[in-house]
Amino acid sequence: MVKINGELLPLEGKKLTDYLKEHHFSVSLIAVEVNGSILPKSSYDDFRFSEGDVVEIVSFVGGG
Amino acid sequence: MEERFARHYVLKEIGEEGQKKLLSSKVLLVGAGGLGSAAALYLAAAGVGTLGIADPDEVELANLQRQIIHDTERLGKNKALSAKESILKLNPEIHVNAYPFRLTTENISKMIEEYDFILDCVDSFGSKFLINDACVLARKPFCHAGVVRFSGQVMTYAPGRGPCLRCMLGNVPQKGEYPLCKTAGVLGAAVGVIGCLQAAEAIKYLVGAGELLTGRVFRIDLLSMRSSTASFEKADPDCPVCGKEGFSLKEHREEYGE
Ligand SMILES: [Zn+2]
């Protein structure tokens, strides 16, 4: 299982980019942290979830 | 003891000591729009001794649905000057520096130098990254926020206490990649909530109370009334601005939309 924003999901082996697409995240507006470290944008394409990963995804809006 | 701050004196997290700190503190608000309106009024009311407020724009009718520091009589007036007028009406005992011009790579470093805490109350990611990068380089704490439609986020940066905006997002999101208040709309009360959170972060930092949103992103959606706090504790060691030496604001002019 993989923990994303506190929720346990059966995503091990799945590509991050597929997950992001399914959930309509726009890559330029999000930050992803995996097991306590920020995942650089350049690593998104190759990243697959592994059993036990703890992931935080947060999206930003502009405007003020 | 000043009667004006009586409700602060009874807060053990502020008290007389904290109030003295606020009165001798300086906060710069970049932007006197929706976020800046709410934040500036609460910081003024709280007795932050010096407020700087920068905005090159003029008050327009479509601003008044949320930018409550301005009013109908001030249409056409520069927003920084209008904000100063309202602030001094609320609390004439504080000092206000109005900067009726845009902060750019040329002037921002000098501007933030004399302030203790900076608020990102601007509306484009280009300007938000300019504030981020300049504050990181100057080792100044600041509170980032963004808001559109019914929701927004707040994150605080302080040197050595977690990631900066560039750690989080990498490159500057370009216009067209994100919704703007002008085209997507924004609820005035939503901007007010987020701006008030920024004011609270500044006050907490200045008096040294509670836990800041450093290494954390607080998000709230007023439609569903759901909120969340995501922890991003460590800065990116490869971040070009907070992780490495030699970052130059001027080389990133285009990203900032200058
Ligand atoms: Zn950084």
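Scope of the values below: all heavy atoms of this structure, side chains included, with no hydrogens, waters or symmetry mates. Each chain gets a letter, A, B and so on, in the order the sequences are listed, and its residues count up from 1.
- Within residues 154-166 of chain B, the residues approaching chain A closer than 4.5 Å by heavy atoms are, in numerical order, B:M155, B:P163, B:L165.
- With a threshold of 4.5 angstrom between heavy atoms, B:V122 approaches chain A through N, CA, C or O but not through any side-chain atom.
- Residues A:I30 and B:M168 fail the side-chain proximity criterion, which asks for heavy atoms closer than 4.5 Å.
- Within residues 11-22 of chain A, no residue has a heavy atom under 4.5 Å from a heavy atom of chain B.
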Practice item. Would you please test B:K128 and A:F60 for side chain to side chain contact (heavy atoms under 4.5 Å, CB included) and show each step? Key: CA-CA 12 Å; B:K128 289 179 186 302; A:F60 286 74; over 6 Å; no
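- With sequence neighbours excluded, the residues forming a side-chain contact (heavy atoms from CB on, under 4.5 Å) with B:E177 are A:S28, B:P173, B:Q174, listed by chain and number.
- Note: A:E33 CD to B:K234 NZ = 8.0 Å, rounded to the nearest 0.5 Å.
- Contact of A:V32 with chain B is made through the backbone alone, with heavy-atom distances under 4.5 Å.
- Heavy atoms closer than 4.5 Å to chain A are found in both the backbone and the side chain of B:L169.
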Practice item. Please report the C-alpha distance between B:R149 and A:V61 in whole Å, then the side-chain angles of each, then the deciding distance to 0.1 Å, and finally whether the side chain to side chain contact (heavy atoms under 4.5 Å, CB included) criterion is met. Key: CA-CA 10 Å; B:R149 299 192 184 105; A:V61 294; over 6 Å; no
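- Within a 6.0 Å sphere centred on NZ of A:K3, heavy atoms belonging to other residues, nucleotides or ligands number 12 at most.
- Most heavy-atom pairs under 4.5 Å with chain A: of the set B:V217, B:N171, B:D236, this distinction falls to B:V217.
- For chain A, the option among B:G31, B:C167, B:G195, B:G170 with the highest count of heavy-atom pairs below 4.5 Å is B:C167.
- Note: B:Q153 CD to A:L29 CG = 9.5 Å, rounded to the nearest 0.5 Å.
- Interface remark: of the candidates B:S231, B:A184, B:S151, B:S127, B:S231 forms the most heavy-atom pairs closer than 4.5 Å to chain A.
- Shown here is B:Y99, whose OH atom has more than 12 heavy atoms of other residues, nucleotides or ligands within 6.0 Å.
- Among A:G6, A:G62, A:S26, the residue with the largest count of heavy-atom pairs under 4.5 Å with chain B is A:G62.
- Heavy atoms closer than 4.5 Å to chain A are found nowhere in B:S37, neither backbone nor side chain.
- Between A:G63 and B:L35, the shortest heavy-atom distance links the atoms O-CD1, 4.1 Å.
- Within a 6.0 Å sphere centred on CD of B:E60, other residues, nucleotides and ligands contribute 12 heavy atoms or fewer.
- Residues of residues 36-52 of chain A having a heavy atom under 4.5 Å from any heavy atom of chain B, listed by number: A:G36, A:S37, A:I38, A:K41.
- When heavy atoms are compared at a cutoff of 4.5 Å, B:A230 approaches chain A by way of both its backbone and its side chain.
- Atom CD of B:E233 sits about 9.5 Å away from atom CD of A:E56, to the nearest 0.5 Å.
- Using a 4.5 Å cut-off between heavy atoms, B:Y178 contacts chain A through both its backbone and its side chain.
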Review point. Going through the distances and angles, do B:R219 and A:S59 end up as a side chain to side chain contact (heavy atoms under 4.5 Å, CB included)?
Key: CA-CA 9 Å; B:R219 288 194 47 105; A:S59 67; 3.5 Å; yes
